[in-house]
Amino acid sequence: MEPKKQPYPEPNIPAKFLKPYDPTGTEPRIYEEWLDQGYFNPDKLPERHKEPFSVVLPPPNVTGILHMGSAFMIALEDTMVRYARMRGKKTLWIPGTDHAAIATQAKVENILYKEEGKRRHDLGREELLRRIDAFANQSHDSIVNQIKALGASVDWSREAFTLDEKRNLAVRTAFKRMYDDGLIYRGYRIVNWDPKGQTTISDDEIVHTEGTGTLYTFKYSKDFPISIATTRPETKVGDVAVAVHPDDARYKQFIDKKYDLDFAGTKLHIQIVGDEAVSPEFGTGAVGVTPAHSHIDWEIAERHKLPVIPVINEYAKMTVDSPVVKDKKVADARASVVEWLKTQGLLEKEEKVPQSLATAERTGGIVEPLPKLQWFVNVNKPIASRDNKTLKDLMREAVSPDGISILPERFERVYKNWIDNLRDWCISRQIWYGHRIPVWYKGAEIYCDIVAPSDEGWKQDEDTLDTWFSSGLWTFSTLGWPNEKEFAAHRMYHPTTVLETGYDIIFFWVARMILMSTYLLGEIPFKTVYLHGLVRDEKGQKISKSLGNNIDPVDMAKKYGADAVRMGLIIGTGPGNDSKVGENKIKGYKNFSNKLWNITRFVLSSTEGVSIDRSFSAWSADDKKLIEELDALLREAAKEMDEYKLHLVGEKLYAYIWHDFADIILEASKPILSSESDADKASRKQLLLHILERCVRALHPFMPFVTEEIWKDIPLSPATLKKPLIIEAWPI
RNA sequence: GCGCCCUUAGCUCAGUUGGUAGAGCAGCUCAUUUACACUGAGAAGGUCGGGGGUUCAAGUCCCUCAGGGCGCACCA
């Protein structure tokens, strides 16, 4: 054998290795090959894949394009799924998109207004829905292409949409079952009203922002015995009571007394009630009770059977027939009432207090609590078919050592805390895009069913459902439920193995899936919840349109390769923590792809004519030790993969391949390969091939493209049938 | 108010049963028809936010303080 100093270019290795690795040219081609091979579909996997491993892709909203956060999620999930597949699991990863009701409709309405100056009612329900569908379809197509560009090994034959026919049947079926069990009811109750979006929203869709308010202390009238304090004087025209703590010595003697009085141009009938909810220390220790426009007051009113007087309408305007406030916007009405109090000499004190403002997540509108007739999910009703447990009970019990575990663990407490504070879930929305409520009315009659009543004269409820209602069914609506035959064929995949998603939707989505699955199926929807954090920019700022700091993951993939994007996202961030990602980090992993590429070039050109001999045993002492070291590292990595510590494994493989294999082992091989000892040379050639082969297999879940491309040229022994790397076994 | 997280090299972060401090990037010195410049070698750089405690041993466990971030509930 000649000393290893050959002129460039070297002969007899595949020509592609003589150039730097080209992800842009390679990745789309490899993805096409995977699609042709069909192994994304578990039904097409070879015999050895038996034990199911199933994941649902958190469906991206059809509101636009994917961002770095979605890419992070896809990278994590694809790495988990590919690892499981190589481990011989029967892997099913279901892709889909989310209609995201309010978000999508708001987006299209914005465009409509900007481009045509029209509002939703100018178009009407049918035409607006047509526009939204067109927008959603377009958005869907680009999202699908983006998912593909990132290398996701999802089963496209099972792709779902939260608003398609099958999911609609699932929604109607779930609604009907809950309605029949009394878990869904229609009620006149105080709800969160978004005047900007003109719809109700759930408690979870409220975003509190810090601000300053003014706390006004005053009396309703000169001869009223108690002073009250409030930050919303304008609502006081809707007061029906003053609540004090039952043991408060200052006010005890007034409890149950009633007063008729004139306030800001309207008549009030105020009853004094004693209620434990009132804190004697705050303000004057007395609360003016406005049942129609405060959640707490509503509850006080319920306890004391007080009347409800709405004074604010859906446009956040005052409705009370008083010259002081009539037809004014709430903010103006507040000023008017304060002015009135001053002129009457009733205002005792004004002080600035910190106050948080409730705004709607999607529209930014200031949320106004209003009483309305809406549909709710009762979370406190005992369910006969579930041992008289309530939905709250089912949700709480699902997260336990033998049920669902959440990673990182600390989120289990966050989840339980949320359940403890959970109120009935308002599910009806006054928007057009979404699942129509499967309820029909004829006069005073109400009819709920999966299909419309056949006889004449019924009118379907105009409202649609909270988008999370359909998302809650996702783990099983994507597996065919409620179609018995289809679901039976997929029964093995439920509960799904792991749910990987962002911690920001633990309440919206994770909790709702647990609710739906435990109630409808009597089983948990998944065994493990892996929560990832927010992807921020290099400076740690939240990625947002206004900052213009969004990096398009697909642009990055085009520039540096999806493999590099995936590594850049995964490495350096444990579950539950936010991460900072910039272009430089991704670039670094592109260099790594090329490093591996050149390692391959060196190994192939140094081992010409040799193929991998799995039963090789004539190892030199050094080589035997090196093999053992790598095996130890891989065993550790396997353990960490099973514990979902992907960031550690990725880093470990990177460090080993670059700094052990390339920097040390390859360099040390040069003198050995040009030495006199045939035995040492034979051993070293086998070593180089063995290590390369193991590294490529181990790295595949993280960097699927470059590894699959290298794999094609790894010289397995001629007797071995080479399968695509995607279904090869992970080493160790 | 209740609760959670973060504070480790200039920057970004790893570091899970407690056992002599790690990586990437940046910077510094050197090498250069080399498998790879999308490179290599080397050196430098940290009292692991402050204080206290437990322990033979603490970045790691406990208490406390400070700064930053977040979630929930909102005192009207």
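As a basis for the values below, the full set of heavy atoms in this structure was taken, side chains included, without hydrogen atoms, waters or symmetry mates. These numbers were taken from a predicted model, which means no experiment stands behind them. Letters A, B, ... mirror the listed sequences (proteins, then strands); counts begin at 1.
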Please give the distance between the [atom1] atoms of [N] and [M] as a whole number of Å.
| N | M | atom1 | result |
| --- | --- | --- | --- |
| B/rC5 | B/rC30 | P | 48 Å |
| B/rG27 | B/rC65 | P | 43 Å |
| B/rG40 | B/rA35 | C1' | 12 Å |
| B/rA44 | B/rG49 | C1' | 24 Å |
| B/rU55 | B/rG10 | C1' | 35 Å |
| B/rU60 | B/rC75 | P | 40 Å |
| B/rC56 | B/rG50 | P | 24 Å |
| B/rA66 | B/rG52 | C1' | 15 Å |

Less than 4.0 angstrom between a side-chain N/O of [X] and OP1 or OP2 of [N], yes or no?
| X | N | value |
| --- | --- | --- |
| A/Trp418 | B/rA73 | no |
| A/Asn598 | B/rU34 | no |
| A/His208 | B/rG71 | no |
| A/Lys652 | B/rG22 | no |
| A/Lys587 | B/rG24 | no |
| A/His659 | B/rG24 | yes |

Of all the nucleotides listed ([options]), which has the minimum atom distance to the side chain of [X]?
| X | options | value |
| --- | --- | --- |
| A/Glu210 | B/rG15, B/rA41, B/rC74 | B/rC74 |
| A/Glu667 | B/rA35, B/rA14, B/rC74 | B/rA35 |
| A/Phe282 | B/rA76, B/rC5, B/rU39 | B/rA76 |
| A/Arg413 | B/rC4, B/rC38, B/rG15 | B/rC4 |
| A/Lys645 | B/rA35, B/rU16, B/rA41 | B/rU16 |
| A/Phe507 | B/rA14, B/rC38, B/rG71 | B/rG71 |
| A/Val278 | B/rA35, B/rC74, B/rA76 | B/rA76 |
| A/Asn417 | B/rC72, B/rG24, B/rC5 | B/rC72 |
| A/Lys236 | B/rA76, B/rA35, B/rA41 | B/rA76 |
| A/Arg423 | B/rC4, B/rC38, B/rC74 | B/rC74 |

Quiz prompt | A/Trp658 CH2 to B/rG22 P, straight-line distance once rounded to whole Å | solution =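 That distance rounds to 21 Å.
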
Need one value for [X]: base, sugar-phosphate or nothing, where a base atom within 4.0 Å counts as base even if backbone is also close, heavy atoms only.
| X | answer |
| --- | --- |
| A/Asn584 | nothing |
| A/Thr230 | sugar-phosphate |
| A/Asp420 | nothing |
| A/Ala655 | nothing |
| A/Asp297 | nothing |
| A/Ile599 | base |
| A/Leu666 | base |
| A/Gly588 | nothing |
| A/Ala662 | base |
| A/Glu281 | nothing |
| A/Thr231 | sugar-phosphate |

Quiz item: What about A/Gln355: does its side chain form a donor-acceptor pair under 3.5 Å with the base of B/rA76?
Solution: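 It does not, because no donor-acceptor pair links the side chain of A/Gln355 to the base of B/rA76 below 3.5 Å.
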
Quiz item: Is A/Ser279 side chain donor-acceptor paired with the B/rC75 base, going by distance under 3.5 Å alone?
Solution: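 It does not, because no donor-acceptor pair links the side chain of A/Ser279 to the base of B/rC75 below 3.5 Å.
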
Quiz item: Where do A/Pro280 and A/Asp248 come nearest, in terms of heavy atoms and distance?
Solution: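 Shortest heavy-atom separation between A/Pro280 and A/Asp248 comes out as CB-OD2, 3.6 Å.
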
Quiz prompt | Non-hydrogen atoms of A/Pro371 and A/Ala292 that approach each other most closely | solution =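 In this case the closest contact between A/Pro371 and A/Ala292 is CD-O, 3.1 Å.
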
Practice problem: With A/Ile714 as reference, evaluate A/Leu689, A/Ile612, A/Thr707 under the side-chain contact (heavy atoms from CB on, under 4.5 Å) test and give the passing residue. | Solution: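 One option only clears the test, and that one is A/Ile612.
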
Practice problem: Quick one: sort the A/Phe224 and A/Tyr220 rings into parallel, tilted or perpendicular, breaks at 30° and 60°. | Solution: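 Ring orientation, 0 to 90° scale: perpendicular.
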
Self-check item: No-hydrogen, no-angle side-chain donor-acceptor test under 3.5 Å, A/Gln355 and A/Thr231
Solution: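 A/Thr231 and A/Gln355 do have a side-chain donor-acceptor pair below 3.5 Å.
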
Exercise. Establish, yes or no, whether the cationic atom of A/Arg303 lies under 6.0 Å from the six-membered ring centre of A/Trp298 and within 45° of the ring axis.
Key: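 Verdict for A/Trp298: no cation-pi partner in A/Arg303.
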
Quiz item: Centres of the A/His532 and A/Tyr503 rings: under 6.0 Å?
Solution: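 Distance test on ring centres: not under 6.0 Å, no.
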
Quiz item: Is the distance between the ring centroids of A/Tyr560 and A/Tyr589 less than 6.0 Å?
Solution: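 Between A/Tyr589 and A/Tyr560, which both carry aromatic rings, the centre distance is not below 6.0 Å.
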
Exercise. Scan every strand shown for a Watson-Crick or G-U wobble partner of B/rU47, both distances under 3.5 Å, and answer none if you come up empty.
Key: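 For B/rU47, the partner nucleotide comes out as none, under the 3.5 Å rule.
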
Practice problem: Tell me the partner of B/rG40, counting only Watson-Crick (N1-N3 plus N6-O4 or O6-N4) or G-U wobble (N1-O2 and O6-N3) with both under 3.5 Å; none if nothing fits. | Solution: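 Partner of B/rG40: B/rC30.
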
